[in-house]
Amino acid sequence: MENKRSIKTDIVKESNFTRLCSTKSILTVNDSFPGPEIRVHKGDTVFVNVHNQGTYGITIHWHGVKMPRNPWSDGPEYVTQCPIPAGTNFTQEINFSTEEGTLWWHAHSDWSRATVHGAIIIYPAVGTTYPYPKPYGEQTIVLASWYKADVMEVLEEAVASGAEFNTSDAFTINGQPGALFDCSTGTTFRLPVKSGETYLLRIVNAILNEEMFFGIANHTITVVGTDGFYTKQLPLDFILITPGQTMDVLVTANQPASYYYMAASPFSDAENDFDNGTTTAILQYIGNESAPSPIPRPILPSYNDTDAAFNFSRSLRSLASADHPISVPKNITKRIFMAVSVNLVFCPNDSCSGTPDGDRMAASMNNQSFEFPSIDILQAYSSNISDVFTTDFPLEPPIFFNFTGDVNVTVYAGQGTKVMTLDYGEEVELVYQGTNVGNAQNHPMHLHGYSFFLVGTGTGNFNNQTDPLFYNLIDPPEANTIQLPRNGWSAIRFVADNPGVWFLHCHFERHTTWGMAAVIIVKDGGTTNTSMRPPPAYMPPCSNS
């Protein structure tokens, strides 16, 4: 059966919203926060015409959609396109392939994704169904950040001084902070459920800078999918979901008919400031109109419970069934070892006021802090425009040291627009190594254009002789965003079979701003079907954004 092709229009514009007792203007899509959902079946194609009626340029990224051979519509600013200028529009072709479950879309320019984001629901292909009993109902749960200040002013202030960024004032569930915040009791999101029925919750972490624990009081939640791929069923009291990740969970309304809080609170194992608030919503049994006092709240791990975070991340497994098989690369032809750090970069004449030494906060991979060019890398690559990027991104750290111990190397990073290149069809193993340089912490690492298999993760320094002996090559989880543990390592594998220009970065917005990013160029494979598609007739210009 031919897959469906559809067209939709999204209007990016400023809208007024009242939260935390005050009203402010935020950038939205179609006047909604979170933005509208996109609902498709596996294998569909959607054309989205993005009209930018805001005041500055913007781009939209389809997070977790592989976009086979079509990086032109992927969306990261100055990587695959320049911003859509205010007052113009751009049509993006969204190609769904192997993804099935929940993904999301979001702005990918500066910090505008704080309010410009929404879920993507990918139903099974027509004629197929879920690998578990069809739930009675489903509900999307979007976790997001809320700032009383203008989020772009928060960004600009920190960039100007070189300092840490101010934290958000609240988290939200489906746009609402919840009853623990002033002026929020009457607006708390409510999910009505029928006793005895099972519901599918599609959870998206759209928060800018915090990983989150999530649970429902007195109820077990069973993970059945993550990042658009099915997992073996995993019943738990809580999940950990990092910025960029999506998780599908089942919950059965099998408790006494009443009200129960669902809640999300942060996990942070670093020394920097973070938003330590808890956002809540209500699971309300239909037919029970009176709330108990108090309403039960879930017991979530403390904000610095590294064991809870690490053990959860290690517990996910791919479904790896006959109907949903996986193929883990085993003949590795390219190895990348990526040391991930928070750093400093020099300010001219020690002119930055945000740090004691007059320098600027930065972040890096292999001691390279990524600088965004003024012409997007995809255009430069496709049209052979020189002096935009170089192809000498290091595939290993310039210096090997005790990455997770007492660091005796410089905290200063090099800067540049460096990319790494892969030949089509290479089987890649990329090992992320967390470091104790600067401010060590967990990092959510995301790769555009690909899903990959998390074959191993551990604490301390990666040992390339012994650690691979314990890789899971049978049913590792398939994902597009994974958690790199603080002072630990994570190993991923993928086949470089999607030609184009693809962004690799930490999904903490402050770390991307600081340069914890790189670009991977996958070369064409020599045939039409193994080569990047030509550009569309129109791409946003790089001169008017």
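All values below were derived from every heavy atom in this structure, side-chain atoms included, with hydrogens, water molecules and symmetry-related copies excluded.
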Practice prompt. Compute both the distance and the angle, then confirm whether Lys24 meets the cation-pi test with Trp146: under 6.0 Å from the six-membered ring centre, within 45 degrees of the axis.
Written response: yes
Item to complete: Can you sort out the partners of Lys330 under salt bridge (charged side-chain N to carboxylate O under 4.0 Å, His left out), two or more places apart, ordered by chain and number?
Response: none
Item to complete: Spell out, as yes or no, whether a donor-acceptor pair under 3.5 Å connects the side chain of Thr28 to the backbone of Glu14.
Response: no
Discussion item. With no hydrogens and no angle check, just 3.5 Å: does a side-chain donor-acceptor pair link Glu211 and Asn442?
Written reply: yes
Fill in: Under 3.5 Å side-chain donor-acceptor pair for Ser73 and Gln92
no
Worksheet item: Any luck finding a side-chain donor-acceptor pair between Ser161 and Ser353 under 3.5 Å?
Response: no
Discussion item. Asp475: which residues meet the salt bridge (charged side-chain N to carboxylate O under 4.0 Å, His left out) condition with it, sequence neighbours left out?
Written reply: Lys232, Arg317
Item to complete: Report yes or no: does Asp305 contribute a side-chain atom to a donor-acceptor pair with the main-chain N or O of Pro301 at less than 3.5 Å?
Response: no
Item to complete: Find out whether Phe165 and Leu155 are in side-chain contact, i.e. whether some heavy atom of one side chain is under 4.5 Å from a heavy atom of the other.
Response: yes
Discussion item. Donor-acceptor check, side chain of His505 to backbone of His446, threshold 3.5 angstrom: yes or no?
Written reply: no
Worksheet item: Would you call the rings of Tyr450 and Trp502 parallel, tilted or perpendicular, where under 30° means parallel and over 60° means perpendicular?
Response: perpendicular
Discussion item. Assess, by modelled atom type and distance only, whether the side chains of Ser168 and Asp275 contain a donor and an acceptor separated by less than 3.5 Å.
Written reply: yes
Worksheet item: If you draw a 6.0 Å radius around OH in Tyr538, do more than 12 non-hydrogen atoms from other residues or ligands fall strictly inside?
Response: yes
Worksheet item: Will you find, in the side chains of Thr59 and Gln81, an N or O donor that is under 3.5 Å from an N or O acceptor?
Response: no
Discussion item. Looking only at the side chains, is there a donor atom on one of Asn304 and Asp269 sitting less than 3.5 Å from an acceptor on the other?
Written reply: no
Practice prompt. For the residue pair Phe462 and Trp489, categorise the inter-ring angle as parallel (less than 30°), tilted (30 to 60°) or perpendicular (more than 60°).
Written response: perpendicular
Worksheet entry | Whether over 12 other heavy atoms sit under 6.0 Å from Ile399 CD1 | no
Fill in: Lys148 bridged to Asp169 by N-O distance under 4.0 Å
no
Discussion item. Once you measure the plane-to-plane angle for Phe213 and Phe238, does it fall in the parallel (<30°), tilted (30-60°) or perpendicular (>60°) bin?
Written reply: perpendicular
Discussion item. Could you go through Ser351 and Asn349, starting from their C-alpha distance and side-chain angles, then the distance that decides it, and tell me whether this counts as side-chain hydrogen bond (donor to acceptor under 3.5 Å, both in side chains)?
Written reply: CA-CA 5 Å; Ser351 58; Asn349 303 314; over 6 Å; no
Worksheet entry | Phe403 and Phe401 aromatic centres sub-6.0 Å | yes
Fill in: Flag for Glu478-Ser451: side-chain donor and acceptor within less than 3.5 Å
yes
Worksheet item: Do Ser112 and Asp110 have side-chain atoms, one donor and one acceptor, less than 3.5 Å apart?
Response: no
Worksheet item: Is the closest side-chain donor-acceptor distance between Tyr471 and Glu429 under 3.5 Å?
Response: yes
Discussion item. Quick check: do Arg69 and Pro499 have side-chain heavy atoms less than 4.5 Å from each other?
Written reply: yes
Discussion item. Any heavy-atom pair between the side chains of Val419 and Ile520 that's under 4.5 Å?
Written reply: no
Discussion item. Less than 3.5 Å apart, any donor N or O on the side chain of Asn436 or Thr404 sitting next to an acceptor on the other?
Written reply: no
Discussion item. Would you say the rings of Phe346 and Tyr412 are close, in the sense that their centroids are separated by under 6.0 Å?
Written reply: yes
Item to complete: Could you walk me through whether Phe267 and Phe310 pass the ring pair (Phe, Tyr, Trp, His ring centres under 6.0 Å) test, one step at a time?
Response: CA-CA 11 Å; Phe267 165 65; Phe310 183 67; over 10 Å; no
Practice prompt. For the residue pair Lys418 and Thr391, confirm or rule out a side-chain donor-acceptor distance under 3.5 Å.
Written response: no
Item to complete: Would you please indicate if the ring centroids of Trp72 and Phe90 are separated by under 6.0 Å?
Response: no
Worksheet item: For atom OH of Tyr303, is the number of surrounding heavy atoms from other residues, nucleotides or ligands below 6.0 Å larger than 12?
Response: no
Practice prompt. For His63 and His117, test the side chains for any donor-to-acceptor distance below 3.5 angstrom and give the result as yes or no.
Written response: no
Fill in: Exercise: do Thr278 and Ser265 side chains pair donor with acceptor under 3.5 Å
no
Worksheet entry | Check: Phe508 ring centroid to Phe274 ring centroid under 6.0 Å | no
Practice prompt. Give the C-alpha distance, both sets of side-chain angles, the deciding distance and a yes or no for salt bridge (Lys or Arg N to Asp or Glu O under 4.0 Å) between Glu509 and Arg113.
Written response: CA-CA 9 Å; Glu509 209 66 20; Arg113 82 166 173 89; 2.7 Å; yes
Worksheet entry | Between Gln441 and Glu271: side-chain donor-acceptor atoms closer than 3.5 Å | no
